[in-house]
Structures are given as C-alpha cells and as structure tokens.
Protein chains: 2
Amino acid sequence: MTEQLKRATISDVAEHAGVSRAAVSKVLRNAYGVSPAMRSKVEESMTLLNYRPLALARGMRGNSYTLGVFLVDLSNTFFSVLAEGIRDVAEELGYQVLIGQARQGLDAQKKLIEAMVDRRMDGLVLIAPFGPNEELEKLGRTIPVVVLGRHGPAQYFDTVASDDIAGSALIVDHLVSLGHERISMLANTQPASEPGMPQTVRRHGYDLAMEKHGLSQWIDHVPGRWGTESGLEAGRSLAARTPAQRPTALHGGADVAALGAYTTLFEAGIHIPDDMSIVGYDNIPAAGLPPIGLTTVDQSGVQMGRQAAELLLSRIEGRTASEHLLVPPRLIVRKTSAPPRR
Amino acid sequence: MTEQLKRATISDVAEHAGVSRAAVSKVLRNAYGVSPAMRSKVEESMTLLNYRPLALARGMRGNSYTLGVFLVDLSNTFFSVLAEGIRDVAEELGYQVLIGQARQGLDAQKKLIEAMVDRRMDGLVLIAPFGPNEELEKLGRTIPVVVLGRHGPAQYFDTVASDDIAGSALIVDHLVSLGHERISMLANTQPASEPGMPQTVRRHGYDLAMEKHGLSQWIDHVPGRWGTESGLEAGRSLAARTPAQRPTALHGGADVAALGAYTTLFEAGIHIPDDMSIVGYDNIPAAGLPPIGLTTVDQSGVQMGRQAAELLLSRIEGRTASEHLLVPPRLIVRKTSAPPRR
DNA sequence: AGAAAAACGTAGACCGATCTACACAAAGAC
DNA sequence: GTCTTTGTGTAGATCGGTCTACGTTTTTCT
C-alpha cells in the first residue's frame, strides 16, 4: 500500500510564503489588513502547494460553509427537485449542501437534525418535517432554519410553501367544472398534524372549496399518509367500496399517494379516468409519463428551493425577522381527469 | 430575540462529574482504562447536562463518524434506493450518512468529492461516478472509497455492481424468446467511458448476447446518455426512422432512459409493446406503475447499498485488500415486452 | 513479602483553522 | 517636528474534542 499523501495545512502555506498563519487566514477569509503584495504572495503559495482549507477545522470557530437539507423521503422526487434549487443558490455563494435522509418517525427525524447540528452546519433547510411547531421554534433559536412545505407564521424560522388553499381550490374547481360532485380526498392523517402542515392546509382548502360549491355533503377524507405505500392502501379501500359509495373523483393530496391509489384502483379494474378521475399535487416527473398523464398541481420546485436557500443564507448573514413565502400553484390538466360517466 | 442556549461541552461534563476531560473522552470512546464507577458517574453527568459530543470537533483528530454518499442524479430513484441501504447499515454502527449531489459534469463531481474530503468524512460511497479509473484510484489512496455501479478490478477501492453482462443477456434472451431479432440498445456514449462502467459492460453484454443468438447483423447502438432527457431524445430519433429501419425491440439501458424513450415514442404514435417492445434496467418505482408496467431488470438496490456500506465500514476499520462484488440481476417481465407484430 | 503486571486517572500536546489584541511602520494633521 | 490616524502583520488564545505519556494504585504471581 502506497503511502498516503499528506495534505498541506495553513502552517505549510505560511511557512512557504514566509508569513504568519494569521496572515494566510486573513487572505482566506478576505479579511481586512492584507496588502496586495502579501495577498499575491500567499495565493501563489496556496496554488503551488495545492492547498485547500479544511472545512472541518474552519467550522471549529467560524463557519463550516455547509448547509444541511433534511428530507424524509428521497424517493419522493419532488423533494429532490427542491434540493436541486437549494444547491444551485448555495453553491454560488461557496456553501456546500449535504442532504440527510431520515427513516420514518419523529425520533429518526430528531436524531438526524441533531447530527447535522453536531456537525456545525451553518443552517438547515427542513423539507416537510413533522412534529410540533414548538420543536421547530426551539431548533430555530439554535441555528438558522428554513422550513419548506410548512406554512407560517413562525417566529424563529422562515417558511416557503405552496399556497395549498389555492391549490386545493384549483383541483376542486377543475373537477366541478367537469361535472363532478362526489369528490373525495386522500387526507394525510399523520398523527399530530400541526396547523401549517401542507396536509392540514390542503385538506382545509378542499373543505372550503367543496363548501363554496355547495358540496359539503360529499366531503370525504380517506385516511392515510402521503407515501406510495399509503396510496396503494387507500386505493384498495376505495376499490372495496360499493360503486354507489365510491366517489367519482379523487383529490390525491400528493402525487406519490395519487399514483399509489391509481395503481391499486387500476388493478381492481377501476378505470381511470372513466370510472374515477384522479388529481395529484406536486407534478413529479413520473406524473408526466404519457401512459399515465396524471392531472396535477405544479409548485415549481426548483424555484421554491432557490427561495428557501436565499432565505437561509440571509438568515445566516444575520437577519432575525422571520419571513414567510407563499408560492402560487398552477393546475396541469392531463389525462386522469374527465367528466364523470354516469 | 431570546438568548441562545449554550450547549454543554466535554469540560462541563468533566467538571460536573469531578473528573478530567480525558476521562470523559474515554467513556465516550469506550476506551480502555475506565472503572465501572467512573463510567456510571460520567454517564450520569452527561445525561444530566444533556450532553452530546460535537461531531465536528471529534473529527479534528479522530473519526467524524460521517459517511459521504456521492450521487449525480437525485431524480434517478434507483440511486435513492441505494442510498437507503447504505444508511440502514451505517446507522446501526453509529455513523451518519450525508448525501451530496453534484450537478452534471466531471468538474462538479470533483468539487463535491473534495468538499466531502474537506469535511473529513470517514469514507465515501460513490454512486455511478464518471471519470477515469485512475482518478478514483488516487482518491482511494486518500480516503476509504466504495464505488457503486462500476465493475472492478481496482486496487485502492471496492466495488459493488450488478452483473451487467448477465443482465443484458437476460434482456436479449427474453426478447429473442418472444421472437424478436431486430433488437437495438440505447447505448450510453458518455465521453470517456471507462472499462468497468455499467454502460460499457451492459453494452458489451448486449453485443455478446446478440452474437450468441446469431443476430450480429442487427446490433445497433442508439447513442445518448442515461437520463430522462437523453431518453426522450433517443425516442425521437427512433420515431424518425422509417418503419423498415426501426427495431422491433429496444434494450433501454436504464429505466430512466427507457421511460424517456417510451414517452416520445408513444407521443409519436408508436404503440408499446405492439409496435415496439421496450425493456429497462434498474426497476425503479415508476417502472412498476401499472399503466406503464415496464419490463426491466431488477438489481435489488437496498441490498447493494447495504453491501457497499459494509465494505466501506470494514475498510474504515483497516482492511486494505480490495473486494469486488457482483450482484446477480433478475428479469421482471411486465407489459412493455411482447412478440413482434410483423 | 516483594516484584511484576494490570488497571485506572490525569496532564497536556495536538488537530487546523479563526480571531482578538497588539506591535510597528507609514501617512496625515496641526 | 510631534501627535494621531490608518494600514499591515504577528503572537497566541481559542474552538471541543482525541490521544500519548506517565504517575499512582491495585491485583497477580512467585
């Protein structure tokens, strides 16, 4: 086994350039008190020695130049789109983005977030976290935090979310305009749903829209969560209903859940959209696949990701007043919605 | 703004327990030379003060207890499945997994890997990296590395890969048994393809299998890359051919590419599987959606991820001889493959 | 009982940066 | 020509852990 190559440290650079370590640190940080002559001398030594500052060591006192992104579900491709937007903005400013994925459960979430804090990340973007708002407020007092997907208000962290009330209205309006009355919704009934969580807000938006159209009697929440598994399950339960008890249209809550329901409904011989219309939310890539063609609500994830990153960065720079952004959603009509047959 | 809560350090614990910092460090590391009495005393103080060691600081001398996973494409859900397997194993041993996603390009990949090294990760799993093997060998001499998706041999890093020769054979055999002769393949012609990269091996496996069946005359590589975009493009180019020039079946190389081709082919009015059979590779979740039902090759991603993590951990523990695992693939027949019509 | 070995704790250097306090020199003010 | 002010560079503490070297006590072995 060949010897490991030793990497250059700040001391090596200082010695090579004939200056103090503090001086090198200054040019590294673009700090005040560096003459042009010294700067160029030091920079030359840095490139010559192939020096890269050890981010870990910097983090001990200053910034680690690392942002953490917390995700529950990597396989939800909408989340990865968000992550992409975050990364784009962060990289422009010299920050690295590292993504952590927790397994399901509040406990796992907490552990992962702690792990990120223990690695002295400069700030955190939490994508669709669960748990009570107070926990997040507490976290926000420890480290800059932006929550993606949860609605404000909040005092110690910023939020970026889709206008879920409007999004649900878009869906219901669309279905009603096609002639549907009996419209159910896959409601995410995760334990301890908080106000501000998208599942809460979308459900509320659905209720409001149904009422607006005078369809309160048909309001129907199919319980579950928003994941593929749970969507499959919901589809099964819907298929098990008698045709008379079955809705003619379904607000899926999220694309992954909607596609899950689609799957088991389809397998049970219920044809989409002839027997039932389905509308999703998120516009994940798989939704656009032509044989599926899921009608859905688009949230322009990259944009949301970028905004979240910008908020986080400005918070790291010192802003303390919290901000809460609402992104207008957009309906994308494809093939899973059609007039009811009866 | 409320004051930030100060977190307890090792000195705080030491003082509270009435012992030295070194002693606390010892119980933390399970090091030799700790009496049961002291251990319990210290542990009590730790829980009382709600102490968590700062992983960042530990990394300065010892391990950072962090593994890095490098990915090119978060939206390729197969990769996220791999990441899940890695995380499961790592967490059991107290390691955190942080995922970094690079934008396209060798340069971006290099920068991200450097960033992970600069954060003193204890080891790296690279999922489908590009670039020459020498680069990886060099990296492997700096830090423990396992490459997922590239075939060995290699001296300074381990590999875990699907047996792509066998996988391609599975696909060709299946199509031939259905009666196909004219079978094309979406070949990933990324610049600087290295031996050992899945695209290279799968293509070679396809060539071999075609020859075995006496179909050398029909060997046909449709150029592109393995992403959704490139798949869309390939589908378009295939649709543009005259029916006589068009293959009756397509080895898609990877599910994302296969689904891309499916999309544009479908839009061009070419019906799958009546006009053309398509087989993918990876068995990503979207492939299983019933209206699509992509016939594909499964690689049991979670298992591969777990194996990669185990290799990495054992390498971190000191193993130096490299290992190279080949995972047998499995054909999953669904609805996009059928006998040719003519 | 005396010597050797094992068990237990501690002091303090160390990892590689940042950052405060200060020394010194050059420039500007009066 | 002294007195500030401004610019430039350095010494050394600091962040929160790890780890080596060593001293002291206890146990084990003849």
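A, B, ... follow the sequence lines: proteins, then strands. Residue 1 opens every chain. Here the structure is a predicted model, which is why all the values come from computation and not from measurement.
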Between B/Leu28 and B/Pro53 the two heavy atoms that sit nearest each other are CD2-CB, 3.8 Å

Between C1' on D/dG16 and CG on A/Asp118, what's the gap in Å once rounded to a whole number? 12 Å

Once you round it to whole Å, what is the distance between C1' of D/dC19 and CD1 of B/Ile10? 12 Å

Look at the side-chain N and O atoms of B/Ser20 and state whether any lies under 4.0 Å from the OP1 or OP2 oxygen of C/dT10. yes

Residues A/Asp118, B/Arg7: salt bridge by 4.0 Å N-O rule: yes

Closest to the side chain of B/Leu28, out of D/dG16, D/dT14, D/dT18, is D/dT18

When we call it a touch if two heavy atoms are under 4.0 Å apart, what does A/Val34 touch: a base, just sugar-phosphate, or nothing? sugar-phosphate

Hey, does the side chain of A/Ser25 come within less than 4.0 Å of C/dA17's phosphate (OP1/OP2), counting only N and O? no

For B/Val19, report the nucleic acid contact type (base, sugar-phosphate, nothing); a contact means any heavy atom under 4.0 Å. sugar-phosphate

Note: for B/Arg39 and A/Tyr65 on DNA chain C, the residue whose nearest nucleotide lies more 5' is B/Arg39

For atom OH of B/Tyr32 and atom P of C/dT10, their distance in whole Å: 16 Å

Between B/Ser35 and C/dG9, is there a contact of a side-chain N or O with OP1 or OP2 at under 4.0 Å? yes

Whether the B/Ser314 and B/Arg319 side chains hold a donor-acceptor pair (N or O, under 3.5 Å, no angle test) is what I'd like checked. yes

Between A/Ala23 and B/Ala37, who's closer to the 5' end of DNA chain C by nearest nucleotide? B/Ala37

Please determine whether the number of non-hydrogen atoms from other residues, nucleotides or ligands lying under 6.0 Å from atom CD of A/Glu15 exceeds 12. no

Nearest whole Å is fine: how far is D/dG16 C1' from B/Asp12 CG? 10 Å

note: A/Arg21, atom CZ; C/dT18, atom P; distance rounded to Å ~ 10 Å

Would you confirm whether A/Ser300, through its side chain, and A/Gln303, through its main-chain N or O, come within 3.5 Å as a donor-acceptor pair? no

Side chain of A/Arg29 (C-beta onward), nearest among C/dT18, D/dC19, D/dT10: C/dT18

The residue, B/Met60 or B/Ala22, whose nearest nucleotide of DNA chain D is more 5′ is B/Met60

Check whether any side-chain nitrogen or oxygen of B/Arg58 sits under 4.0 Å from OP1 or OP2 of D/dT18, and answer yes or no. yes

When the distance from CE of B/Met38 to P of D/dT25 is rounded to whole Å, what number comes out? 16 Å

Using whole Å, report how far OH of A/Tyr51 lies from P of C/dG16. 10 Å

Without decimals, in angstroms, what is the distance between A/Arg52 CZ and C/dG16 P? 14 Å

